[in-house]
Trainee: 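I have a structure here, written as structure tokens, and I will follow up with some questions on it.
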Amino acid sequence: MGNVKSSYRRGLEFDAAYQLSKYLTLTNNFSYIRSEITTDSSSIHPLLSPTFIVNQDFNIGITKSIIFTTGIKFVSKSYIDLMNKYTLPE
């Protein structure tokens, strides 16, 4: 890999919360990022930079000061080497 000619990261993030009932809230976070590093000989994606990340949380309010949260997360493919050959398992 040669010298870095240029690089960029641009993205968009969206957050939303839905009050389903007095005690139950659903929150969502969606992130999109487009990133690239251009060298003298190639274009690659930066290490550990997934294109999409989605978080979904369920918040259950027992009292005003006690809230339980559980959630799920999706993270798209990310590379773990500079040549973009190997990825983390999905």
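Everything numeric here is computed off the predicted structure, so don't read it as measured data.
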Trainee: Give the minimum heavy-atom separation between D57 and G71, together with the two atoms involved.
Mentor: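 Closest pair (atom of D57, atom of G71, distance): OD1-CA, 3.3 Å.
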Trainee: Within the 4.5 Å heavy-atom criterion, are N59 and F68 side-chain neighbours or not?
Mentor: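 Side-chain contact under 4.5 Å: no.
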Trainee: Considering only heavy atoms from C-beta outward, does the side chain of R34 approach that of T51 to under 4.5 Å?
Mentor: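 Contact flag for R34/T51 side chains = no.
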Trainee: Does Y8 have more than 12 heavy atoms from other residues, nucleotides or ligands lying within 6.0 Å of its OH?
Mentor: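 Yes.
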Trainee: With rounding to the nearest 0.5 Å, note down the distance linking CD in E13 to CG in N29.
Mentor: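 E13 atom CD to N29 atom CG measures 4.5 Å (nearest 0.5 Å).
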Trainee: Please name the pair of heavy atoms, one in P50 and one in I33, separated by the smallest distance, quoted to 0.1 Å.
Mentor: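 Heavy atoms of P50 and I33 come nearest at O-CG2, 2.9 Å.
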Trainee: Using every non-hydrogen atom in the two residues, find where S49 and S78 come nearest and quote the distance to one decimal.
Mentor: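 Heavy atoms only, the tightest pair is N-CB, 3.8 Å.
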Trainee: Can F52 and Y32 be said to form a ring pair (Phe, Tyr, Trp, His ring centres under 6.0 Å), step by step?
Mentor: CA-CA 5 Å; F52 296 103; Y32 168 80; 5.4 Å; yes
Trainee: When you group the ILVMFWY residues by side-chain heavy-atom contacts below 4.5 Å and let the links chain together, are F58 and Y18 in the same group?
Mentor: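 In one cluster: yes.
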Trainee: Check the hydrophobic clustering (I, L, V, M, F, W, Y; side-chain heavy atoms under 4.5 Å; chains of links allowed) and say if I66 and Y23 are grouped together.
Mentor: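 They do not share one cluster, since no chain of ILVMFWY contacts under 4.5 Å joins I66 to Y23.
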Trainee: Does some side-chain heavy atom of I53 sit less than 4.5 Å from a side-chain heavy atom of N55?
Mentor: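 Yes. Closest side-chain heavy atoms under 4.5 Å.
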Trainee: Can you name the closest pair of heavy atoms from N28 and Q56 and give their distance?
Mentor: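 Reported closest heavy-atom pair: ND2-OE1, 2.7 Å.
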Trainee: Rounded to the nearest 0.5 Å, what separation is found between the CD1 atom of I60 and the OG1 atom of T70?
Mentor: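 So the CD1 of I60 and the OG1 of T70 are separated by 8.0 Å.
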Trainee: Hydrophobic cluster membership, with links at side-chain heavy-atom distances under 4.5 Å among I/L/V/M/F/W/Y: are L20 and I72 in one?
Mentor: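 No; tracing contacts between hydrophobic side chains, which count when under 4.5 Å, never links both residues.
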Trainee: If you round to the nearest 0.5 Å, how far is CD of Q19 from OG1 of T25?
Mentor: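 One gets 3.5 Å once the value is rounded to the nearest 0.5 Å.
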Trainee: Please walk me through it: do L48 and I80 pass side chain to side chain contact (heavy atoms under 4.5 Å, CB included)?
Mentor: CA-CA 6 Å; L48 300 173; I80 59 173; 3.8 Å; yes
Trainee: Rounded to the nearest 0.5 Å, what's the gap from CD1 on I67 to CG on L24? Could you check?
Mentor: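 So the CD1 of I67 and the CG of L24 are separated by 11.5 Å.
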